[in-house]
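The structure appears right after this line, and notes come after that.
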Protein chains: 2
Amino acid sequence: MIENNTDNSLLLFKLLVPEMLPVFQKRYTILRTIKYNQPIGRRLLAERLALGERGVRSEIDFLKDHNLLESNAAGVSLTEEGKKLLPQLSLLIHKVEGLAPLENYLAQKLDLTKVVIVPGDADQNCEILHELGQASGAFLRDVVQDQWVIAVTGGTTMAEVAHNIPQTVGKKDVLVVPGRGGLGEDVEIQSNTIAAEIAQRLGASYRLLHVPDGIQNETLEPLLSDHKVQEVINLSKKANLLVHGIGIPEVMALRRDSDWQSIQRYSRKEPVGEAFGTYFAADGSVALVTPTVGPKVEDIAKLDMVVAVAGGKSKADAIMSVLRASFVDVLIVDQGAAEVIKKQIEE
Amino acid sequence: MIENNTDNSLLLFKLLVPEMLPVFQKRYTILRTIKYNQPIGRRLLAERLALGERGVRSEIDFLKDHNLLESNAAGVSLTEEGKKLLPQLSLLIHKVEGLAPLENYLAQKLDLTKVVIVPGDADQNCEILHELGQASGAFLRDVVQDQWVIAVTGGTTMAEVAHNIPQTVGKKDVLVVPGRGGLGEDVEIQSNTIAAEIAQRLGASYRLLHVPDGIQNETLEPLLSDHKVQEVINLSKKANLLVHGIGIPEVMALRRDSDWQSIQRYSRKEPVGEAFGTYFAADGSVALVTPTVGPKVEDIAKLDMVVAVAGGKSKADAIMSVLRASFVDVLIVDQGAAEVIKKQIEE
DNA sequence: TCCTCACGGGTCATTTTATATCCCGCTATT
DNA sequence: AATAGCGGGATATAAAATGACCCGTGAGGA
């Protein structure tokens, strides 16, 4: 009833003064961008936000007049007041954008237990990945129980998740393990590195998996027979919780110096999405499995809780292909991806 | 907590997009003015709202685009949607303007049991009197109990109250009596007429008091000895509820063709407010009692519930003078008067 | 019945506001 | 000491809000 009243106020404002919405979003975006880049100059900010320099300047002046920003020779920064305001604004944006209904809609249509949508679009504002990380981190912190085993994968998104998990006092006997080897890429986004960081932030312990990706099966087998490797792999196959990112095959191939042509050639179908080293076709079927250690689709389907994290309009197709494989339980996305997915569902 | 959330949303909007507030108010005022004057033309509307013709036009176009208005050859009118929206907007304006806190503040500072504030200023928009009437009417309807006797006075404000009391099924045995004779002025705003209309709308019965105001005491006495007159006067002296307007002495003198000079001469102090034929000085003391029938200040002070209704910035002083006499329990005013009163209290 | 007045809609010059793009002196970092 | 990037100032330009008309038309009063 009273809650209804809140929504009602919003509806009335949106109905009677709709021109304020873009302004509200603009100012929120500016504050958020400053939060993640402070101190930052006016020009850089304008470039990053794809706005005119003078426009940004007017807004900065406005926000400064309201004591949300302060500026010195290094650039503008958030004041204490501004810092306090941002989380509240985030909630309000969530309401204004109607993200709660969208979350419910997607959860129902996609048969997921939970959908979390973060306002914004990672394609347009790269700091949305931070927000995505924070949301995922908060979710992890809330959901993890004592003595759980958490498996995580690599990737830039997962790296952000790791960086943004709030430092918490440790749950008891929680163990974080990498979901695959993944020594083929930048150490910053390897699953090992990410597992370690998540463990550290959760106050949990961790095991590592020192097996390179993409090597031939013959070379792999002796490694697999190692009992320490075996143990970690078995742990990840029976994890209570798996958190993974979702990749766009073409982009991943580029990053890993793999040959996109050959991936396509060896695929049974056109791969449009990737998760834990498996490429999925648009219909959710497996297009290609890269030779790597770690759990396969059939293992993952048995897990209690699989959390997928991804952001950006461009990842919508990849996300859909993975979701159609029906092993994901919780989806944490940004608004950009969520809205594209909604459109696809409606068609 | 959730309520808090509502206020919080409003606060955040007001903080981050303050420029929308005047627009919101403007559009609300336009809708409200149309409601009371439909169908009305663009120019007339502009004149009444003291806005430019073109500005009003843009807003009308906007509201028409949103299906809140429709226009024909006679002028613009509210659509069904617009009619439904207005009460909700009224509530929202009440929140936006922070009138609830203001009501509490005034109630506490002025030692009143209840204060009701209607958005707007009757001096600027005469239709605010209608709103004031509606608010008073709603209050009356809610508060009146079976077998109550209600005494009412005359005046333009009270006439509006009468016109706007929602037609309700009758309470049992409610009786409405005029608080004074008042045959000296326009029949439309005589207390007799008003008593009759209020009674009709409440489904109550009424008695009338056919005694002219302002006549000499010698002429008055034989009338007072009439037992029907006596009965009505006694009823009003023991009423459960008295509703009265508040007048500005100078204005009233003008309307009644009385001599303002002589009123001043016979007054003990400078009269700044009037209620039921009694003129009050700024400190709340009685400045002059016009020769009339009906309850005096000392009678009224004994009543359980005295409701004062008044609107317009210009009436603030008059209201204060009456309130200082300390017999009013409930004050129903408009925002214009309320804000001036608040300022006076703070000084 | 006609007549007239106010209606909505169209137009356009004017003013006000927003925007884009420089320049400058400063300061913190290299 | 050099320099890159900062905030602040200035100005030409584009855009939008405004004010002031006219016009054909339909409703309501005579």
Side-chain angles (χ1 to χ4, degrees), chain A residues 16-83 126-127, chain B residues 16-83 126-127:
Chain A
L16 218 67
V17 207
E19 61 266 42
M20 72 145 194
L21 276 180
V23 181
F24 180 68
Q25 288 164 327
K26 195 204 305 183
R27 289 182 183 158
Y28 168 72
T29 309
I30 289 176
L31 284 175
R32 193 192 55 208
T33 308
I34 290 173
K35 172 187 172 188
Y36 288 115
N37 301 85
Q38 61 184 324
I40 186 176
R42 180 213 317 157
R43 278 162 273 255
L44 219 71
L45 202 54
E47 196 183 342
R48 185 176 287 265
L49 294 167
L51 293 173
E53 176 191 325
R54 196 50 175 72
V56 168
R57 198 167 157 184
S58 318
E59 300 302 340
I60 286 182
D61 288 343
F62 168 87
L63 294 169
K64 225 186 293 183
D65 287 343
H66 287 68
N67 295 316
L68 300 177
L69 293 181
E70 57 195 356
S71 64
N72 54 34
V76 293
S77 320
L78 294 182
T79 61
E80 280 306 314
E81 204 177 333
K83 280 180 197 164
C126 64
E127 63 262 19
Chain B
L16 218 66
V17 206
E19 61 268 42
M20 73 146 190
L21 276 179
V23 182
F24 181 68
Q25 288 164 327
K26 196 206 301 182
R27 288 180 184 159
Y28 168 71
T29 308
I30 290 175
L31 284 175
R32 194 192 55 205
T33 307
I34 291 173
K35 173 187 171 188
Y36 288 115
N37 300 85
Q38 62 184 328
I40 186 177
R42 181 216 314 158
R43 277 163 273 253
L44 219 73
L45 203 54
E47 195 184 341
R48 186 175 288 263
L49 294 166
L51 294 174
E53 176 191 325
R54 197 51 172 70
V56 167
R57 200 165 154 185
S58 319
E59 299 302 341
I60 286 183
D61 287 344
F62 168 88
L63 294 168
K64 228 186 291 185
D65 287 343
H66 287 68
N67 294 318
L68 300 177
L69 293 181
E70 58 195 356
S71 64
N72 53 35
V76 291
S77 320
L78 293 182
T79 61
E80 279 306 312
E81 205 176 331
K83 280 180 196 163
C126 64
E127 63 262 20

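These figures come from a predicted structure and were not determined experimentally. Atom set for the values below is all heavy atoms of this structure, side chains included, hydrogens, waters and symmetry mates excluded.
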Original post:
If you check the L44(B) side chain, which of dG8(D), dG9(C), dC7(C) turns out closest?
Top reply: dC7(C)
**OP:** Pick base, sugar-phosphate or nothing for I40(B), based on heavy-atom distances below 4.0 Å to the nucleic acid.
**Re:** sugar-phosphate
**OP:** Using the side chain to side chain contact (heavy atoms under 4.5 Å, CB included) rule, take L63(B) and V76(B) through it: C-alpha gap first, then chi angles, then the decisive distance, then the call.
**Re:** CA-CA 10 Å; L63(B) 294 168; V76(B) 291; over 6 Å; no
**OP:** Verify, without hydrogens or angle tests, whether T79(A) (side chain) and N67(A) (backbone) share a donor-acceptor contact under 3.5 angstrom.
**Re:** yes
Original post:
Atom CG of N37(A) to atom P of dG5(D): distance rounded to whole Å?
Top reply: 15 Å
**OP:** Starting at atom CG of L69(A), determine the distance to atom P of dC6(D), rounded to an integer number of angstrom.
**Re:** 15 Å
**OP:** Under the side chain to side chain contact (heavy atoms under 4.5 Å, CB included) rule, what do F24(B) and M20(A) come out as? Steps first, then yes or no, please.
**Re:** CA-CA 10 Å; F24(B) 181 68; M20(A) 72 145 194; over 6 Å; no
Original post:
Separation of E47(A) atom CD from dC6(D) atom C1', in whole Å?
Top reply: 15 Å
Original post:
Is there side-chain contact between K83(B) and Q38(B), with heavy atoms separated by less than 4.5 Å?
Top reply: yes
Subject >> Test side chain to side chain contact (heavy atoms under 4.5 Å, CB included) applied to L45(B) and N37(B), step by step >> reply: CA-CA 9 Å; L45(B) 203 54; N37(B) 300 85; 5.9 Å; no
**OP:** Summarise how protein sits on nucleotides 13-30 of chain C as a single string, 5' to 3': B when a protein heavy atom is under 4.0 Å from the base, S for sugar-phosphate-only contact, - for no contact.
**Re:** -------BBBB---S---
**OP:** Side-chain contact test, heavy atoms from C-beta onward, threshold under 4.5 Å: evaluate it for L69(B) versus L31(B) and give yes or no.
**Re:** yes
Subject >> Between dG8(D) (C1') and D61(A) (CG): distance, integer Å >> reply: 9 Å
